[in-house]
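Before any comments, here is the structure.
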Amino acid sequence: MTKTADVVIIGAGISGCSIAYNLAKKGVKNVVVIDRSYVSSGSTGRCGAGVRMQWGTETNCKLAKQSIEFYENANEILEYNRDVTFYQGGYLLLATTDKEMDQFKKNVKLQNSLDIPSRMVSIEEAKEIVPHLNTDELLGAAFCQKDGFLDPFLTTDAYYKAAKRLGVEFMTYTEVTGIKREGNKITEVMTNKGSIITGTLVNAAGGYSKNVCEMVGIDLPVYSERHQILVTEPIEHVQGPMVMSFSKNIYCQQNPKGPFIMGRGDDREPRDLRITSSWEFLEEMAKTVTSILPPVGNLRVIRQWAGLYNITPDKQPVYGTAEGLDNFYLAVGFSGHGFMFGPLTGIVIAEMITKSKPTIDVSLLGIDRFEKGNLILEPSVV
Amino acid sequence: MKDENVIVCRCSDVTLKELKDLIDEGYHTFEEIKRLTRIGMGPCQGKTCGQIVLRELSRATGKPITELDFQTNRPPIVGVKLDLIAEEAKKDD
């Protein structure tokens with residue numbers, strides 16, 4: 001069975017759903033989203049559920065700020081029948097080295113110039129914001145009240161439903177098996193449920209973005225890497241912000257529904273597609289969290305899981321067409337922050353496809369930056 | 001008893017009505033329902049609510065429970081305090 005589409009999007013995570021919604025809103029008909037499993041089954045649904053404006057590059061700051069402003073009104077804009085559960089308890093970024101203090105001061109200056117209301121806070125203030133914080137090694141911290149917790153499943157579901165109401169077709173549990181190209185155009189996407197002849201193709205495949213590019217003979221300079229998370233039993237609300245330390249390698253926040261959720265990275269992680277859970281993570285996570293937030297040690301861990309970061313050399317996403325292919329768009333390489341950029345990912349890609357005036361200049365995030373060596377490294381990633 | 005007064009998930013306070021509404025909206029797998037309601041994500045990890053959800057799914061879809069997938073079982077098997085894990089882990093350092 002062969003059908004036709006104007007735009008096919010591979011991946012029904014936050015990026016794919018947001019791109020589909022924005023295309024449909026702009027009047028593009030015949031949009032099809034394909035996912036090998038269900039909506040938000042990949043990186044989006046496995047993420048740490050945090051969103052922040054506190055970034056270290058201008059583009060990341062802008063993307064995050066506008067995305068969070070969208071999320072503040074997401075229930076209304078997307079006319080959602082549930083609640084995306086956005087809680088702006090802030091992010092408290094801990095500085096425990098002089099280098100971190102300098103970096104945070106630089107970041108806050110940049111953020112303030114872009115109207116992001118972040119600020120440096122003293123050790124005493126940090127302790128007021130999170131009373132159970134161990135301040136032994138603390139030199140200072142950066143704080144932004146606008147940052148916070150957002151439910152990845154419900155948020156993606158809100159986009160999915162809004163897109164569906166606008167006529168977008170979702171093919172879940174459908175695997176892409178091949179992509180046909182003719183010259184500088186993609187012409188057809190093959191799946192295990194039939195082929196789709198398409199005018200445009202979008203790669204929003206998260207951890208599998210490289211595999212999709214391989215199907216059209218493009219070597220994407222990204223890799224995927226497992227990042228693990230654990231969650232505790234729920235308790236009454238005691239922690240407002242996400243507490244995060246880059247040098248201690250931890251982020252930890254309390255879901256407004258009660259449980260604590262926390263994660264960390266691991267330099268020794270192999271670059272592959274595994275999403276299994278390891279006991280090493282559990283041990284290292286337990287050691288780190290009990291030293292930084294001691295009372296959390298009294299909580300039982302009830303579940304751990306993992307998801308894939310899709311990482312670029314400069315830890316910023318790739319937006320735009322792939323080289324040599326006019327109708328193949330990339331929304332990949334989010335390096336662990338695709339969920340929080342979701343709204344703007346949808347807007348910028350939909351604007352590119354419909355050739356409309358860009359809301360935000362993302363020309364620096366094109367795939368050609370790697371060849372030209374124009375990398376702007378994002379310094380603030382766990 | 002009305003569906004909105006029947007709790008199917010004690011950990012996350014989910015009612016039978018909420019569950020049936022989701023099934024009516026087209027969410028027909030445990031994994032999807034889990035993510036939208038937090039059923040199976042609490043301290044019981046689905047040991048209490050799992051069978052109830054599968055039974056409702058079976059009724060709605062006509063498929064026997066044996067043909068329906070439950071959620072991925074994730075470690076640990078029972079809740080363990082982070083302090084205990086940290087304490088044991090430090091012994092290996």
Side-chain angles (χ1 to χ4, degrees), chain A residues 37-41 44-46 81-82 85 151-154 156-158 160-161 164 170 172-173 228-234 252 255 257-262 275-291 293-306, chain B residues 9-15 17-50 57 61 63 68-93:
Chain A
S37 187
Y38 49 89
V39 174
S40 79
S41 56
T44 298
R46 296 165 184 280
N81 64 337
R82 295 192 168 80
T85 321
D151 190 301
F153 312 118
L154 292 161
T156 311
D157 187 57
Y160 156 73
K161 283 189 149 165
K164 238 175 127 172
F170 284 81
T172 50
Y173 303 99
Q228 301 190 63
I229 301 187
L230 66 79
V231 69
T232 71
E233 60 193 322
C252 174
N255 179 326
K257 288 170 184 163
F260 276 71
I261 175 169
M262 61 195 81
I275 47 167
T276 48
S277 297
S278 77
W279 57 266
E280 291 95 334
F281 163 76
L282 183 61
E283 290 196 346
E284 292 306 313
M285 193 74 249
K287 282 194 280 188
T288 313
V289 75
T290 52
S291 83
L293 300 164
V296 175
N298 205 28
L299 299 180
R300 288 172 185 84
V301 46
I302 56 171
R303 182 172 71 256
Q304 61 178 111
W305 72 93
Chain B
C9 163
R10 300 187 296 197
C11 300
S12 304
D13 277 348
V14 183
T15 65
K17 180 171 189 316
E18 289 171 83
L19 173 60
K20 283 186 173 172
D21 284 350
L22 274 171
I23 295 172
D24 286 346
E25 286 171 38
Y27 300 96
H28 288 173
T29 64
F30 190 94
E31 293 281 8
E32 287 167 283
I33 289 168
K34 162 184 163 173
R35 281 159 176 79
L36 294 173
T37 57
R38 305 193 63 78
I39 282 179
M41 286 188 181
C44 95
Q45 287 294 291
K47 292 185 189 81
T48 315
C49 51
L57 275 173
T61 60
K63 282 187 192 164
L68 297 172
D69 289 324
F70 188 47
Q71 65 181 347
T72 308
N73 283 312
R74 301 191 191 280
I77 288 171
V78 292
V80 185
K81 285 192 178 184
L82 284 159
D83 271 338
L84 284 175
I85 298 167
E87 210 177 289
E88 284 301 311
K90 280 178 198 158
K91 289 179 187 166
D92 300 331
D93 285 350

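So that the names make sense, note that chain A is the first sequence line, chain B the second, and so on, each numbered from 1.
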| query | Does a sphere of radius 6.0 Å around NZ in B/Lys17 hold more than 12 heavy atoms from other residues, nucleotides or ligands, not counting ones at 6.0 Å or beyond? | reply |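 Counting other residues, nucleotides and ligands, NZ of B/Lys17 stays at 12 neighbours or fewer.
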
| request: Start with the C-alpha distance between A/Asn255 and B/Arg38, add both sets of side-chain angles, then the distance that settles side chain to side chain contact (heavy atoms under 4.5 Å, CB included), and finish with yes or no. | output: CA-CA 12 Å; A/Asn255 179 326; B/Arg38 305 193 63 78; 3.5 Å; yes

Nearest 0.5 angstrom please: [X] [atom1] to [Y] [atom2], how far?
| X | Y | atom1 | atom2 | value |
| --- | --- | --- | --- | --- |
| B/Ile77 | A/Ile302 | CD1 | CD1 | 14.5 Å |
| A/Tyr38 | B/His28 | OH | NE2 | 16.0 Å |
| B/Glu31 | A/Ser41 | CD | OG | 9.5 Å |
| A/Ser37 | B/Glu32 | OG | CD | 7.5 Å |

Can you list, pair by pair, the side-chain donor-acceptor contacts under 3.5 Å of residues 78-92 of chain B, counting residues two or more places apart and other chains?
{"residue": "B/Lys81", "atom": "NZ", "partner": "A/Asn298", "partner atom": "OD1", "Å": "3.0"}
{"residue": "B/Glu88", "atom": "OE2", "partner": "B/Lys91", "partner atom": "NZ", "Å": "2.9"}

| message | Heavy-atom pairs under 4.5 Å with chain A - which of B/Thr72, B/Leu22, B/Asn73 has more of them than the others? | response |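 Highest number of heavy-atom pairs under 4.5 Å: B/Leu22.
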
| If you take all heavy atoms of B/Arg35 and A/Phe153, which pair is closest and at what distance? |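 Heavy atoms only, the tightest pair is O-CD1, 3.2 Å.
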
| field | Toward chain A, the part of B/Asp93 with a non-hydrogen atom under 4.5 Å | value |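 Side chain only.
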
| task | Go through the atoms of B/Thr29 and report whether side chain, backbone, both or neither lie under 4.5 Å from a heavy atom of chain A. | result |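 Only the side chain of B/Thr29 comes within 4.5 Å of chain A.
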
Which one wins on heavy-atom pair count under 4.5 Å against chain B: [options]?
| options | answer |
| --- | --- |
| A/Arg303, A/Glu233, A/Gln304 | A/Arg303 |
| A/Lys161, A/Met285, A/Lys257, A/Glu284 | A/Lys161 |
| A/Thr290, A/Leu299, A/Val301 | A/Val301 |

| field | B/Glu25/A/Asn81 under side chain to side chain contact (heavy atoms under 4.5 Å, CB included): CA gap, chis, key distance, verdict | value | CA-CA 11 Å; B/Glu25 286 171 38; A/Asn81 64 337; 3.4 Å; yes

| task | Please look at A/Tyr173 and chain B and tell me whether the side chain, the backbone, both or neither of the residue comes under 4.5 angstrom of a heavy atom of that chain. | result |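 Side chain of A/Tyr173 only, per the 4.5 Å heavy-atom cut-off to chain B.
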
| task | Check whether A/Thr232 gets within reach of chain B through its side chain, its backbone, both or neither, counting any heavy atom under 4.5 Å. | result |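 Contact with chain B involves the side chain of A/Thr232 alone.
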
